[in-house]
**Q** 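Structure below; questions to follow.
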Amino acid sequence: MHHPILDARISPLRQRLIDDMNMRRFSRETQRNYLRDIGRLATFLGRSPDTATADDLRRFQIEQQDDGVPVPTMNSIVSALRFFFTHTVDRPDLARKLVRLAHPRKLPVVLSRDEVARLLNATTCLKHQAALSVAYGSGLRLLRRRVNGQNWG
């Protein structure tokens, strides 16, 4: 049976990228993501991604930001494109033009001593109190959930 998608030839550039990723033992997931992200650039350009210019990359990143692509996703795209331009097409000059965005990280909310005491006293079982004490004491700060109907977050 003929399957056009399965029978379609992979372009030499795409095969070279796949070979470069395999040589470096990238996981299947990373390879899938890199292929998708480089495909995004090709779609934006309307032509092969190896023909991109520094201005094309700048416009691509601006469009991604304007489209509301989250910062971690944009940085993932930058990683894919840097790999592509540095290793696959030997254009490190273009890789240096890509901008990683600062990702503001929020500090976790830490419970006060009174809140921790209320949390531990809300348990009715010594085993649960011991488990919560160990969890909180070892740094697991995600205990800000409902405990016995009390809202902790």
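Below, all heavy atoms of this structure are taken into account, side chains as well, without hydrogens, waters or symmetry copies.
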**Q** Would the distance check show the side chain of Gln31 and the main-chain N or O of Phe26 forming a donor-acceptor pair, the cut-off being under 3.5 Å?
**A**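 Here the side-chain-to-backbone pair exists.
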**Q** Are the side chain of Ser48 and the backbone of Thr51 linked by a donor-acceptor contact shorter than 3.5 Å?
**A**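 Absent.
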**Q** May I ask you to decide if Thr53's main-chain N or O and Asp56's side chain share a donor-acceptor pair within less than 3.5 Å?
**A**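 At least one qualifying donor-acceptor pair exists.
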**Q** Sub-3.5 Å donor-acceptor pair from the side chain of Arg91 to the main-chain atoms of Phe85, do we have one?
**A**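 Absent.
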**Q** For a side chain to side chain contact (heavy atoms under 4.5 Å, CB included) with Gln15, tell me which candidate from Ile18, Leu13, Leu17 qualifies.
**A**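 Option passing the side chain to side chain contact (heavy atoms under 4.5 Å, CB included) with Gln15: Ile18.
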**Q** Could you tell me whether a side-chain N or O of Asn75 sits under 3.5 Å from a main-chain N or O of Leu101, the two making a donor and an acceptor?
**A**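 Side chain of Asn75 to backbone of Leu101: a pair is present.
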**Q** Rounded to the nearest 0.5 Å, what separates atom CG in Asp67 from atom CZ in Phe44?
**A**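 Nearest 0.5 Å value for the CG-CZ distance: 9.5 Å.
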**Q** For Phe83 and Ile38, what are the C-alpha separation, side-chain angles and deciding distance, and is it a side-chain contact (heavy atoms from CB on, under 4.5 Å)?
**A** CA-CA 10 Å; Phe83 179 84; Ile38 294 162; 5.9 Å; no
**Q** Does Asp66 reach the side chain of Glu63, with side-chain heavy atoms less than 4.5 Å apart?
**A**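 No. Closest side-chain heavy atoms not under 4.5 Å.
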**Q** Salt bridge or not between Arg118 and Glu115? Use side-chain N to carboxylate O under 4.0 Å.
**A**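 Salt bridge flag = no for Glu115 with Arg118.
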**Q** Ion pair present between Arg16 and Asp19, side-chain N to carboxylate O less than 4.0 angstrom?
**A**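 No.
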**Q** Can any side-chain N or O of Arg24 pair as donor or acceptor with the backbone N or O of Asp20 at less than 3.5 Å?
**A**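 At least one qualifying donor-acceptor pair exists.
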**Q** Given Leu57 and Leu41, is the side-chain contact (heavy atoms from CB on, under 4.5 Å) satisfied, shown in steps?
**A** CA-CA 8 Å; Leu57 296 179; Leu41 175 64; 3.9 Å; yes
**Q** Can you name the nearest heavy-atom pair linking Ala52 to Arg47, along with the distance?
**A**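 The pair with the smallest heavy-atom distance is CA-NH2, 4.1 Å.
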**Q** Is it true that Met74 and Val99 fall in one hydrophobic cluster, defined by side-chain heavy atoms closer than 4.5 Å?
**A**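 In one cluster with Met74: Val99, yes.
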**Q** Grab the two heavy atoms, one from Leu94 and one from Ala54, that are nearest each other, plus how far apart they are.
**A**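 Heavy atoms only, the tightest pair is CD2-N, 3.4 Å.
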**Q** Say whether, by atom type as modelled, one donor and one acceptor occur between the side chain of Ser76 and the main chain of Pro72 under 3.5 angstrom.
**A**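 Not confirmed, Ser76 side chain does not pair with Pro72 backbone.
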**Q** Do Arg58 and Ile62 have side chains that approach each other closer than 4.5 Å (heavy atoms only, starting at C-beta)?
**A**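 Answer yes - side chains close enough.
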**Q** Would you give the length of the straight line joining atom CG of Leu45 to atom CZ of Phe60, rounded to the nearest 0.5 angstrom?
**A**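 Answer for the CG-CZ pair, Leu45 versus Phe60, is 8.0 Å.
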**Q** After noting the C-alpha distance and the side-chain angles of Arg59 and Asp55, does the key distance pass the salt bridge (charged side-chain N to carboxylate O under 4.0 Å, His left out) rule?
**A** CA-CA 6 Å; Arg59 288 184 302 107; Asp55 189 56; 3.5 Å; yes
**Q** Any chance you could lay out the side-chain contact (heavy atoms from CB on, under 4.5 Å) test for Asn22 and Arg28, step after step, and finish with the verdict?
**A** CA-CA 9 Å; Asn22 282 331; Arg28 291 285 169 217; 3.6 Å; yes
**Q** Any side-chain heavy atom of Gln64 sitting closer than 4.5 Å to one from Arg40?
**A**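 Gln64 vs Arg40: side chains touch.
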**Q** Heavy atoms only: give me the nearest Thr86-Pro92 pair and the separation to one decimal.
**A**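 Residues Thr86 and Pro92, closest heavy atoms: OG1-CA, 4.3 Å.
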**Q** Any side-chain to backbone donor/acceptor pair from Arg100 onto Val78? Under 3.5 Å, distance only.
**A**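 No, because the side chain of Arg100 does not come within donor-acceptor range (under 3.5 Å) of the backbone of Val78.
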**Q** Give, for atom CZ of Arg14 and atom OG1 of Thr88, the distance between the pair rounded to the nearest 0.5 Å.
**A**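 If we round to the nearest 0.5 Å, Arg14:CZ and Thr88:OG1 are 12.0 Å apart.
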